[in-house]
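Following: one structure in structure tokens, then a few remarks.
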Amino acid sequence: MSKRVSLTQYLVEQQRLHGHIPGQLRLLIEVVARACKRIAIAVNKGALGEVMGVAGTENVQGEVQKKLDIISNEVLIEANEWGGHLAAMASEEMDTIHTVPNRYPAGEYLLLFDPLDGSSNIEVNVSIGTIFSVLKKPHDNPDEIEPVSEADFLQPGSQQAAAGYCVYGPQSMLVLTVGDGVAMFTLDRETGSWVLTAENVKVPADTKEFAINMSNMRHWDAPVKRYVDECLAGQEGPRGKDFNMRWVASMVADVHRILTRGGIFMYPWDKREPDKPGKLRLLYEANPMSFLIEQAGGAATNGHQRILDVQPEKLHQRVSVILGSKNEVERVTAYHQEAKGG
Ligand code: P6P
């Protein structure tokens, strides 16, 4: 068996080789990874752990919260409050930011997360996951310790210091980037450690697999409909090849498949709620996933611009997402440009 490299060893070696994982960032990543282990244990208990079902509350998105949504959120908050690496946190499950209590030291990073994405799949035992994004707290005046505010979180995804997800599936896997490629770690349940199982992950530029919720087809804008129709036309159509379709309804699972074997994932704007840019949240879903995909050589746009260039205006704002194999994302984006007469 080849020498096993743990998450800690990987981070120490990356710091030694490339120097962009300062101590506080390494601590942050290790704390998040440890919290994800606790979430994996709770998720894997299922009905045996009395964690199934709804919590009887709604989140800021107006979505019914599952018990595991709340549990996962609390695990991440408790794990990250005391370490001195964070100034504040933001979560899909919390209306406003959570500032590190005064009894703990404040750090220079901001942590954003969707604590349990895809939770509609919990009862049917389909992969779900935790998505996280790391930003640096802006410093107007480095000599002053300024209070943290929601405005500090409103940074384009290109400013992320790190991003990743943990997928709770047949294996629990942690997928991470600090801006120098994508690495994957598999949870060894016997030792409780995250073991490096893939690095320098690359998304093939072409694919024969697309992921979209086809039941929304009648609501799509023309460029998305054109792209999917061409995929469905297969070998006899303009693409000259047959395509396969997958839709897990768990972004973490769909993105993990794309990082593993290529593909394109789309949750586009549609006519159901014209004022809503899309379903997925920019800061703690689209930005971290787009950072990972780009670091693996893929592309991520909202149909009109690079997702990582979108300037956020609200903490929970949504965005249209087209990400994955570069040539396919560029095709769909070009169709949007053509439709605009670009
Ligand atoms: P639909 C899960 O609720 C989620 O936010 C993403 O993980 C997933 O890709 C999408 O929504 C699924 O949405 O409308 O197909 O159920």
Side-chain angles (χ1 to χ4, degrees), residues 36 39 43 52-55 57-73 90-94 112-133 163-169 173 175 209-221 224-225 228 245-260 263-274 276-293 298 300-303 307 315-324 329 332:
C36 287
I39 295 170
V43 166
M52 305 293 269
V54 295
T57 51
E58 279 192 1
N59 63 18
V60 64
Q61 330 286 342
E63 295 161 343
V64 172
Q65 292 177 303
K66 300 288 181 66
K67 286 179 189 167
L68 274 170
D69 285 323
I70 306 283
I71 291 165
S72 303
N73 194 63
S91 165
E92 175 183 314
E93 302 302 334
M94 299 188 298
L112 305 91
F113 46 83
D114 179 353
L116 201 60
D117 179 69
S119 45
S120 62
N121 284 312
I122 293 173
E123 277 75 15
V124 293
N125 197 21
V126 168
S127 299
I128 50 183
T130 298
I131 309 172
F132 64 92
S133 169
Y165 61 81
C166 191
V167 53
Y168 311 115
M173 290 188 75
V175 180
E209 198 159 66
F210 67 94
I212 193 166
N213 183 335
M214 293 292 285
S215 69
N216 299 328
M217 180 180 277
R218 64 191 181 284
H219 306 304
W220 296 339
D221 207 355
V224 172
K225 179 99 176 39
V228 172
M245 195 280 279
R246 286 283 183 277
W247 187 250
V248 185
S250 176
M251 186 183 197
V252 172
D254 282 314
V255 170
H256 191 73
R257 185 188 59 255
I258 289 168
L259 280 169
T260 305
I264 180 170
F265 170 97
M266 294 169 281
Y267 210 112
W269 170 93
D270 71 41
K271 300 168 187 145
R272 284 175 291 180
E273 293 181 79
K276 216 161 89 173
K279 173 178 183 181
L280 303 178
R281 272 64 52 152
L282 174 62
L283 289 180
Y284 39 80
E285 289 177 329
N287 274 345
M289 293 309 205
S290 299
F291 189 18
L292 286 163
I293 288 288
T301 78
N302 63 2
I307 284 176
L315 192 63
H316 297 291
Q317 83 179 55
R318 298 168 189 262
V319 69
S320 171
V321 177
I322 299 158
L323 62 77
V329 172
V332 179

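Worth knowing before you read on, the calculation uses all heavy atoms, side chains too, and leaves out hydrogens, waters and symmetry mates. Order of listing sets the numbers, starting from 1, for every ligand and every atom in it. Since the model is a prediction, treat every value here as computed from it, not as a measurement.
- Taking the side chain as every heavy atom from C-beta outward, R257 and V248 approach each other to under 4.5 Å.
- Between M266, M289, K279, E92, it is K279 that holds the heavy atom closest to atom 3 (O) of ligand 1.
- Two residues are said to be in side-chain contact when any heavy atoms from C-beta on lie closer than 4.5 Å; S320 and P268 meet this criterion.
- For the 3.5 Å distance criterion, the side chains of S133 and N287 fail to qualify, holding no donor opposite an acceptor.
- Backbone and side-chain nitrogen or oxygen atoms of N216 are examined, and none is located within less than 3.5 angstrom of a nitrogen or oxygen of ligand 1.
- Contacts with ligand 1 closer than 4.0 Å are made by side-chain heavy atoms of R281 only, the backbone lying farther away.
- Of the protein's heavy atoms, Y267 OH, 2.7 Å lies nearest to atom 14 (O) of ligand 1.
- Within a 6.0 Å radius of CZ in R272, more than 12 heavy atoms belonging to other residues, nucleotides or ligands are found.
- Of all atoms in ligand 1, numbered sequentially from 1 with element shown, those under 4.0 Å from a heavy atom of E285 are 5 (O).
- Residue W247 has at least one N or O atom closer than 3.5 Å to an N or O atom of ligand 1.
- Judged by the shortest distance from any of its heavy atoms, G118 lies inside the 4.0 Å radius around the atoms of ligand 1.
- In summary, the atoms of ligand 1 found under 4.0 Å from a heavy atom of F265, numbered by their order in the structure, are 9 (O).
- The only member of I131, V175, I293 that meets side-chain contact (heavy atoms from CB on, under 4.5 Å) when paired with P288 is I131.
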- Just do the ring-ring contact (aromatic ring centres under 6.0 Å, His included) check on W247 and F265 with the steps written out, would you? CA-CA 9 Å; W247 187 250; F265 170 97; 5.2 Å; yes
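- The closest protein non-hydrogen atom to atom 9 (O) of ligand 1 is M251 N, 3.4 Å.
- When each atom of ligand 1 is checked for a heavy atom of L280 under 4.0 Å away, the hits are 5 (O), 6 (C).
- Using a 4.0 Å cut-off to heavy atoms of N213, the atoms of ligand 1 that qualify are 1 (P), 14 (O), 15 (O).
- For the pair V228/M214, a side-chain contact is recorded, criterion being any heavy-atom separation below 4.5 Å from C-beta on.
- Looking at heavy atoms from C-beta onward, M289 lies out of side-chain contact with L280 at the 4.5 angstrom threshold.
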